[in-house]
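Worksheet: one structure, shown below.
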Amino acid sequence: GAVVSQHPSWVICKSGTSVKIECRSLDFQATTMFWYRQFPKQSLMLMATSNEGSKATYEQGVEKDKFLINHASLTLSTLTVTSAHPEDSSFYICSAEPRDSGLYEQYFGPGTRLTVT
Amino acid sequence: GNSVTQMEGPVTLSEEAFLTINCTYTATGYPSLFWYVQYPGEGLQLLLKATKADDKGSNKGFEATYRKETTSFHLEKGSVQVSDSAVYFCALNFYQGGSEKLVFGKGTKLTVNP
């Protein structure tokens with residue numbers, strides 16, 4: 001149980017285009033979903049926290065107009081990288097917190113490798 | 001601020017060797033501490049956690065003790081297996097803006113050879 005999927009697992013896009021990454025909780029409902037970014041040999045950096053039906057809360061230094069997050073249902077959150085540039089190339093990871101779990105737990109997706117050429 | 005520092009990898013061991021991966025933290029308040037593991041091609045999985053000082057988290061033969069006096073949460077296993085090959089992340093949690101967040105170390109890649 002508690003499986004989180006991401007799609008696509010990897011994507012290559014041209015500079016200036018937009019890319020959408022999906023994060024789904026497959027067997028539970030998620031009140032809160034988190035988006036992280038990971039650079040090679042670096043730790044996961046939290047980008048934003050999204051709650052179903054409300055606007056995402058972005059961490060300091062993360063451009064909310066560039067990284068659009070939508071959490072339209074209790075099982076799906078999307079991250080759209082708009083007008084992508086090579087410096088946006090990274091590994092993007094989402095996690096989901098079960099609804100009414102009573103315990104703090106985040107379940108992580110396998111990540112999406114984005115390469116912007 | 002809140003931060004986690006863990007030993008640089010990669011770590012390469014032979015099967016049945018003893019494993020230690022060091023982790024120290026800086027935190028305001030009293031965080032819970034976690035070890036996550038990421039197997040190749042999979043998402044991070046919670047390996048173990050400890051919620052207060054002197055607590056010991058354990059799972060699958062791995063152990064870590066929350067040491068407030070040394071601000072450490074070192075991961076240990078007495079006898080590693082090839083299947084333990086993965087990347088291990090130390091993390092702490094804190095509350096900000098009404099939500100609970102995780103801060104991760106950089107990860108330590110472990111390779112266990114038969």
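Naming convention: chains lettered A, B, ... in sequence-line order (proteins, then strands); numbering from 1 in each chain.
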L44(B) side, atom CG; Y36(A) side, atom OH - distance, nearest 0.5 Å: 9.0 Å
Nearest-0.5 Å distance, CD of residue Q45(B) to OH of residue Y107(A): 10.5 Å
Counting neighbours of [atom1] on [X] that are heavy atoms of other residues, nucleotides or ligands and sit closer than 6.0 Å, is the number greater than 12?
| X | atom1 | value |
| --- | --- | --- |
| E42(B) | CD | yes |
| Y39(B) | OH | yes |
| M7(B) | CE | yes |
| E16(B) | CD | no |

With a 4.5 Å cut-off on side-chain heavy-atom distances among I, L, V, M, F, W and Y, is there a chain of contacts connecting [X] to [Y]?
| X | Y | result |
| --- | --- | --- |
| L33(B) | Y88(B) | yes |
| Y25(B) | V103(B) | yes |
| L13(B) | V37(B) | yes |

Region of T49(A) that comes under 4.5 Å of a non-hydrogen atom in chain B: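 Only the side chain of T49(A) comes within 4.5 Å of chain B.
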Region of L44(A) in contact with chain B, defined by heavy-atom distances below 4.5 Å: both
Contact residues of residues 104-114 of chain B (partner chain A; heavy-atom separation under 4.5 angstrom):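 Answer by number: F104(B), G105(B), K106(B).
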Could you list the donor-acceptor pairs under 3.5 angstrom formed by side chains in residues 82-94 of chain A, with sequence neighbours left out?
unit_1	atom_1	unit_2	atom_2	d
T82(A)	OG1	D65(A)	O	3.2
T82(A)	OG1	K66(A)	O	3.1
H85(A)	ND1	S83(A)	O	3.0
D88(A)	OD2	K66(A)	NZ	2.9
D88(A)	OD2	H85(A)	N	2.8
S89(A)	OG	P86(A)	O	2.9
S89(A)	OG	V116(A)	N	2.8
S90(A)	OG	R37(A)	NE	3.4
S90(A)	OG	Q38(A)	O	3.0
Y92(A)	OH	D88(A)	O	2.7

